[in-house]
There are 2 protein chains.
Amino acid sequence: MDSSVRPYSQVYDTLRNVGLRPTRQRLGLARLLFDNGNRHVTAEQLHAEAANANLRVSLATIYNTLNQFTGAGLMREVVVEPGRSYFDTNTSDHHHFFHEDTAELQDIPGDAISVSAVPEPPAGTRVKRVDIIVRIKG
Amino acid sequence: MDSSVRPYSQVYDTLRNVGLRPTRQRLGLARLLFDNGNRHVTAEQLHAEAANANLRVSLATIYNTLNQFTGAGLMREVVVEPGRSYFDTNTSDHHHFFHEDTAELQDIPGDAISVSAVPEPPAGTRVKRVDIIVRIKG
DNA sequence: TTTCTTCTTTAAAATGATTCTAATCTGTTG
DNA sequence: CAACAGATTAGAATCATTTTAAAGAAGAAA
């Protein structure tokens, strides 16, 4: 709970649990991502943030890590803009506002919006996820 | 109605109405796009299709044209996958199934699905559009 | 701890989609 | 038809992301 006393133990366990070796880079990135509430980041943003926090990580590792975290179910990818991927630390059922002016994402809690009557998926397929993006402008 | 008799007159008028010069390329692409029911295409797909139909158009023009048609409200862009853009000839209110296996889009009519209680957008913003993507797998 | 093996990280190159550039060509209008 | 504005094009440029192959770090065993 007190990150000044046990700065890495939480994320350390998290990484162990999903079978990822707790390396310096993964521990540092996990802390940036998970110790500050729900976050929506692009690879470039996280890279800049890491540099800022004195964490030396290459951009390739940022991409690897974001993809591994997503594959492990610790994050999810949100696709809202052509040519750029956002990663979301909130994996619970919820949706998004997308500010078209600032290119920022904002959570909509799962219970604040819902889809009535999701149509039957085509024969032979099953629904993997329903994404709702509410695009807004200033 | 009979495209063998008046092959270009419909799309010709459409282009005129939105202020785009009816060039050979735009007329040909418009015919491929609008004379065959609702379509979802990527730039590469449309390029291949044009070549197939003996319509010589560069890829740069495909991109220009798709963006111009979208800007003119004749089509809309659908973002479902990082790194690839889909363009949809159906501009009416509706949503999409996305087949993750085949990377294909399929319309969900606007009245077959709906969002209950779209939350109030943040102060100073207004909703531009609500996109629902139902991701399915085989 | 030393060693061995396996997984990670990295810089740099490669890729893939899209946009830009600058030169050439084509519609439109007079 | 002439002239101009707008459109098309090949190829270069750009941007986000992935791959490569080499060097480095973590875990297990002795």
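Just so you know, these numbers use all the heavy atoms, side chains as well, and skip hydrogens, waters and symmetry mates. Just so it is clear: chains get the letters A, B, ... in the order the sequence lines come, proteins before strands, and each one is counted from 1.
- Using a 4.0 Å heavy-atom distance criterion, B/R21 is classed as a base contact.
- Annotation: of the two residues near DNA chain C, B/F87 and B/P22, the 5′-most nearest-nucleotide partner is B/F87.
- Side-chain contact annotation: A/S116 with B/S116, donor-acceptor N/O pair under 3.5 Å absent.
- Residues from residues 39-60 of chain B that place a heavy atom under 4.0 Å from any atom of DNA chain D, listed by number: B/R56, B/V57, B/S58, B/A60.
- Contact between the side-chain N/O atoms of A/Q25 and the OP1/OP2 oxygens of D/dA25 is not found at any separation under 4.0 Å.
- For C/dT8, neither phosphate oxygen OP1 nor OP2 lies less than 4.0 angstrom from any side-chain nitrogen or oxygen of A/T61.
- Going from atom CG of A/L27 over to atom C1' of C/dT9 covers 14 Å, rounded to whole Å.
- For the pair A/D131 and B/R135, the salt-bridge criterion is met [side-chain N within less than 4.0 Å of a carboxylate O].
- Within the structure, a side-chain polar atom (N or O) of A/R26 is placed less than 4.0 Å from OP1 or OP2 of C/dT8.
- Residues A/N90 and A/H40 bring no donor and acceptor atom of their side chains to less than 3.5 Å of each other.
- Across the protein-nucleic acid pair, B/L66 atom CG and C/dA17 atom C1' stand 13 Å apart, rounded to whole Å.
- A distance of 9.0 Å separates CD in A/E104 from CD in A/Q106, rounded to the nearest 0.5 Å.
- The closest side-chain heavy-atom distance from A/V11 to A/L29 is not below 4.5 Å.
- Residue A/L15 contributes atom CG, which lies 11 Å from atom P of C/dT8 at whole-angstrom precision.
- Rounding to whole angstrom units, CG of residue B/L29 and C1' of D/dT8 are separated by 12 Å.
- Shown for residues 97-106 of chain A: no residue has heavy atoms falling under 4.0 angstrom of DNA chain C.
- Here B/I113 contributes atom CD1 and B/F97 contributes atom CZ; the two are 7.0 Å apart, rounded to the nearest 0.5 Å.
- A donor and an acceptor atom, one from each side chain of A/H94 and A/N38, are nowhere located under 3.5 Å apart.
- Going from atom CG of B/L33 over to atom CD of B/E49 covers 7.5 Å, rounded to the nearest 0.5 Å.
- Residue B/T23 has no polar side-chain atom (N or O) positioned under 4.0 Å from OP1 or OP2 of C/dT26.
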| task | Could you give me the CA-CA distance, side-chain angles and deciding distance for B/E100 and A/R129, then say whether salt bridge (charged side-chain N to carboxylate O under 4.0 Å, His left out) is met? | result | CA-CA 11 Å; B/E100 303 207 321; A/R129 200 167 92 186; over 6 Å; no
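- Counting only N and O atoms by type, the side chains of B/T61 and B/Q25 include no donor and acceptor under 3.5 Å apart.
- As a whole-Å value, the separation of B/I62 CD1 from C/dT18 C1' is 13 Å.
- Looking at which nucleotide of DNA chain C each of B/R16 and B/R84 is closest to, the 5′-most match is held by B/R84.
- OP1 or OP2 of D/dT18 has at least one side-chain nitrogen or oxygen of A/N67 nearer than 4.0 Å.
- In this structure, CD1 in B/I132 is found 8.5 Å from NE2 in A/H95, a value given to the nearest 0.5 Å.
- Atom CG in B/N64 sits roughly 18 Å away from atom P in C/dA17 (whole-Å rounding).
- A/Y63 and A/F87 have their aromatic ring centers separated by at least 6.0 angstrom.
- For DNA chain C, the neighbouring residues in residues 71-83 of chain B, judged by any heavy atom under 4.0 Å, are B/G83.
- Residue A/Y63 has no polar side-chain atom (N or O) positioned under 4.0 Å from OP1 or OP2 of D/dT18.
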